[in-house]
*Asks:* 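Submitted below is the structure of interest, expressed as structure tokens.
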There are 2 protein chains.
Amino acid sequence: MANLKQLAQSLGLSITTVSRALDGYSDVSAATRQRVQEAADKAGYRPNASARRLRKQRAELVAVTLPSEPGHIGPLHFLDMLSGCAEHLAGAGLNLVIAPVPHGESELDMCRRFVDGRRVDAMLLVRTKRHDERVEFLQSRGFPFVTNGRTESAIQHPYIDGDGFSGFHAATLRFHRDGHRRIAHVGGRQDYFFAHVRRQGWEAAMRESGLSPDLYVEQMPTEQGGYEAALGLLARSDRPTAIVCATDEMAIGVLRALREVDGGLSISVVGHDDLPIGAFTSPALSTMRMTGGNLGRSFASLLLRTIAGEPAETLQELHAIEFVDRDSHRLPPVAA
Amino acid sequence: MANLKQLAQSLGLSITTVSRALDGYSDVSAATRQRVQEAADKAGYRPNASARRLRKQRAELVAVTLPSEPGHIGPLHFLDMLSGCAEHLAGAGLNLVIAPVPHGESELDMCRRFVDGRRVDAMLLVRTKRHDERVEFLQSRGFPFVTNGRTESAIQHPYIDGDGFSGFHAATLRFHRDGHRRIAHVGGRQDYFFAHVRRQGWEAAMRESGLSPDLYVEQMPTEQGGYEAALGLLARSDRPTAIVCATDEMAIGVLRALREVDGGLSISVVGHDDLPIGAFTSPALSTMRMTGGNLGRSFASLLLRTIAGEPAETLQELHAIEFVDRDSHRLPPVAA
DNA sequence: AAGGTCATCCAAAACGTTTTGGGAGTCAAG
DNA sequence: CTTGACTCCCAAAACGTTTTGGATGACCTT
């Protein structure tokens, strides 16, 4: 309701003084400051966001691009992460806008709109590809951004990622130690960085163990994808005794297929992401997760620091993967 | 990079003319318009969002409040809805910002920040309570908003909701027709409108069938909540033969408890929301869902129309609930 | 009394757009 | 030649804030 001009008028002060009083500058007397503060509180005054943004040349906004995969939008733990990120950004006066890719527009066009219209101060990119055109565009514009997941970009950029290679490497080796010899991998499209390194981890572990990485199926990173992948694997003559899945969603689809075909859990399964629901599948899903605490807070921190101009090299976080052992990985290495 | 002034200078035109040419006004010649258009395209010109917002007195933003329940953030299908909503809002030049409740702040304070700072043009409220202080505040300010879920507010407001009463009424009656007599309800906190009407539907159907609505447990609307509720119900001497759950998450927790206690599905179960994952539980979860097509699009439409000043009475959508029959509701009415 | 140092305050510019209220020129009708 | 209508263009104001670059006294020092 109230703006600076009205407030100043009612106090018999100039706009300048009122503004500076509220911002805590030292060149306004304590008495005046308090008088202004009280009047502002009583009037419920908040500076007009658009005006401040124009003057300060900051949008006070960060956009996060939402991948829109057919039938399934991003991993299920996204919203948790976004919420945490938005909360910590709000602490610094920034809001988080979600930016799904409009029908018939490319992710690139969307980035262009946000960057060239100066609608945001930074962007948060999720589900990076090995060669990501969004990353290249933002780099060419010198625009601040942080990614969830690494890329194969020649130029460094800020990111947070889990060490998928080591995680899947370790999971595969553990199955091998437990006596498994036919260890399958259900992976996602290899142009996604996360899917690629997870597969690499599995493959490396297989070769180190003297096994050939034949039992590989590529599918959509959804329950349906995992389900179909498992049906294919179960029909093979060299049926696996263990399956390492790129995501928990896929693993849940695999569990479902096992129950349908074998009537229960006949093969060891492990997923990745530690979805809350994994504790409630039957059997309870063994999985992996990124270490490192509050992910949303970390993203917010990196975003703020990259906006502040810190160099990319100091804004890269690669977190270790840890096992979350429940029941689905404990089967003996013999198919039912 | 470029602004209107630079563009005008390079074309030898006034700022006014360039602005009006790009906005398609009729008082600029076709030749000039085209010349301007081409120059703008070449320079990659986009109007500065902050400046336009200030001048037009519109924030071009809508905020959606995110409920932050301990351990679980909102229903899992939220993100899908938000994404659809954001996409359709973007078509009208609005962006959607997500607004989680910051630690140590109330939902009310948050609304105040957005409204008084004129940071947004409207708000989208989810998970309404029967008496919702956010609704009352926004109504007292005359600020545009739409809710997901009804309230018991004396004043009308725009909303989209499913007819939970009829849905749970019908589901309970169907169990009764199938021969069930001990039909339980696992519900959520009754200050939430959706939880309240769903319970009312179950209760009404029980009474109409001459049964007393004793088998009721209230829990968190999460897998864990459903799990604990089911453990309690299974220990009773008047153990139910069917359970109607307020949400799919709860139903999934119930299924898990059944498997643990009875070693399989011993009781009929039905949930609500049609989470994609329901098709992949074992048994596949029978559930209900709101009819009415693209929910996100509907919210976007209602938001735009309430911003445009349409009266609340014409902006209320109550959608029917339909069954999604899979396997978990088909058991005979006899406990194992 | 002059000069210097503070403490307080303020007018005006700037941010980049949209919109208001004309102004200049052309052309046809009277 | 005047008048009015029409086409095309523009200067200036406005949106509400932050920031720059002083201005005005009061008080102290010499």
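Quick note: numbers below take in every heavy atom, side chains included, and nothing from hydrogens, waters or symmetry partners. A, B, ... follow the sequence lines: proteins, then strands. Residue 1 opens every chain.
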*Asks:* OP1 or OP2 of dC9(C) sitting under 4.0 Å from any side-chain N/O of S29(A)?
*Replies:*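 Answer is yes, contact under 4.0 Å.
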*Asks:* Grab the CZ-C1' distance between R55(B) and dG16(D) for me, whole Å please.
*Replies:*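 These atoms are roughly 12 Å apart.
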*Asks:* Taking NZ from K5(A) and C1' from dT17(D), how many angstroms apart are they, rounded to a whole number?
*Replies:*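 To the nearest whole Å, that distance equals 12 Å.
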*Asks:* Specify the separation, in whole Å, of atom CG of D23(B) and atom P of dG16(C).
*Replies:*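 Rounded to whole Å, this separation is 18 Å.
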*Asks:* Kindly indicate whether the side chain of R52(A) and the base of dT17(D) share any N or O donor-acceptor pair separated by less than 3.5 Å?
*Replies:*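 When only heavy-atom distances are counted, R52(A) does not reach the base of dT17(D) through any donor-acceptor pair under 3.5 Å.
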*Asks:* Does T32(A) make a side-chain N or O approach to OP1 or OP2 of dT8(C) shorter than 4.0 Å?
*Replies:*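 The answer is no; no side-chain N or O of T32(A) sits under 4.0 Å from OP1 or OP2.
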*Asks:* So I15(A), base contact, sugar-phosphate only, or nothing? Heavy-atom distance under 4.0 Å.
*Replies:*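 Base, at least one base heavy atom under 4.0 Å.
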*Asks:* Measure the distance from CG on L54(A) to P on dA13(C) and round it to the nearest whole Å.
*Replies:*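 Answer to the nearest Å: 17 Å.
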*Asks:* Take atom CD of E60(A) and atom C1' of dT17(D), then tell me their distance rounded to the nearest Å.
*Replies:*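 The distance from CD of E60(A) to C1' of dT17(D) comes to 11 Å, rounded to the nearest Å.
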*Asks:* Rounding to a whole Å, what distance do you find between R58(B):CZ and dC15(D):C1'?
*Replies:*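 One finds 14 Å between C1' of dC15(D) and CZ of R58(B), rounded.
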*Asks:* Taking only N and O in the side chain of S19(A), is any of them less than 4.0 Å away from OP1 or OP2 of dT18(D)?
*Replies:*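 Yes.
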*Asks:* DNA chain D: R46(A) or S26(B), which has the more 5' nearest nucleotide?
*Replies:*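 The residue closer to the strand's 5' end, by nearest nucleotide, is S26(B).
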*Asks:* Can you tell me if the side-chain N/O atoms of S14(A) get under 4.0 Å from OP1 or OP2 in dC10(C)?
*Replies:*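 Yes, within the criterion.
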*Asks:* Could you go through the side-chain contact (heavy atoms from CB on, under 4.5 Å) check for L82(B) and I98(A) one step at a time?
*Replies:* CA-CA 8 Å; L82(B) 292 187; I98(A) 60 178; 3.8 Å; yes
*Asks:* Is any N or O donor-acceptor pair between the side chain of D27(B) and the base of dC8(D) shorter than 3.5 Å?
*Replies:*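 There is none.
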*Asks:* Under 4.0 Å between a side-chain N or O of Q57(B) and OP1 or OP2 of dG16(D)?
*Replies:*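 Result: yes.
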*Asks:* Atom OH of Y45(B) to atom P of dG16(C): distance rounded to whole Å?
*Replies:*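 About 10 Å, once rounded to whole Å.
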*Asks:* Take atom CD of Q34(A) as the centre, draw a 6.0 Å sphere, and report whether it contains more than 12 heavy atoms from other residues, nucleotides or ligands.
*Replies:*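 Open.
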*Asks:* Could you pick out which residue, R33(A) or A51(A), lies toward the 5' side of DNA chain C when each is mapped onto its nearest nucleotide?
*Replies:*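 Residue closer to the 5' terminus by nearest nucleotide: R33(A).
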*Asks:* Compare side-chain N and O positions of Y25(B) against OP1 and OP2 of dC8(D) and report whether any pair is under 4.0 Å apart.
*Replies:*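 For Y25(B), the contact criterion (side-chain N or O under 4.0 Å from OP1 or OP2 of dC8(D)) is not met.
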*Asks:* With respect to the side chain of T17(A), which nucleotide from dT17(D), dT17(C), dC9(C) is positioned closest?
*Replies:*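 Minimum distance to the T17(A) side chain belongs to dC9(C).
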*Asks:* Does R112(B) have more than 12 heavy atoms from other residues, nucleotides or ligands lying within 6.0 Å of its CZ?
*Replies:*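 For R112(B), atom CZ is crowded (more than 12 foreign heavy atoms under 6.0 Å).
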*Asks:* Using OP1 and OP2 only, check whether a side-chain N or O of T16(A) sits under 4.0 Å from dC9(C).
*Replies:*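 No, no such contact exists.
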*Asks:* Would you say the side chain of L125(A) lies within less than 4.5 Å of the side chain of Y159(A), judging by non-hydrogen atoms?
*Replies:*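 Sidechains of L125(A) and Y159(A): no contact.
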*Asks:* Checking R130(B) against F193(B): charged group under 6.0 Å from the ring centre and within 45 degrees of the axis?
*Replies:*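 R130(B) over F193(B) ring: no.
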*Asks:* What's R20(A) touching, base or sugar-phosphate or nothing? Going by heavy atoms closer than 4.0 Å.
*Replies:*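 The answer is base, as R20(A) lies within the cut-off (heavy atoms under 4.0 Å) of a base atom.
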*Asks:* Got a second to check how far R150(B)'s CZ is from E317(B)'s CD, nearest 0.5 Å?
*Replies:*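 These two atoms lie 12.5 Å from each other.
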*Asks:* Nearest-Å distance, CG (N48(A)) to P (dA14(D))?
*Replies:*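 These atoms are roughly 17 Å apart.
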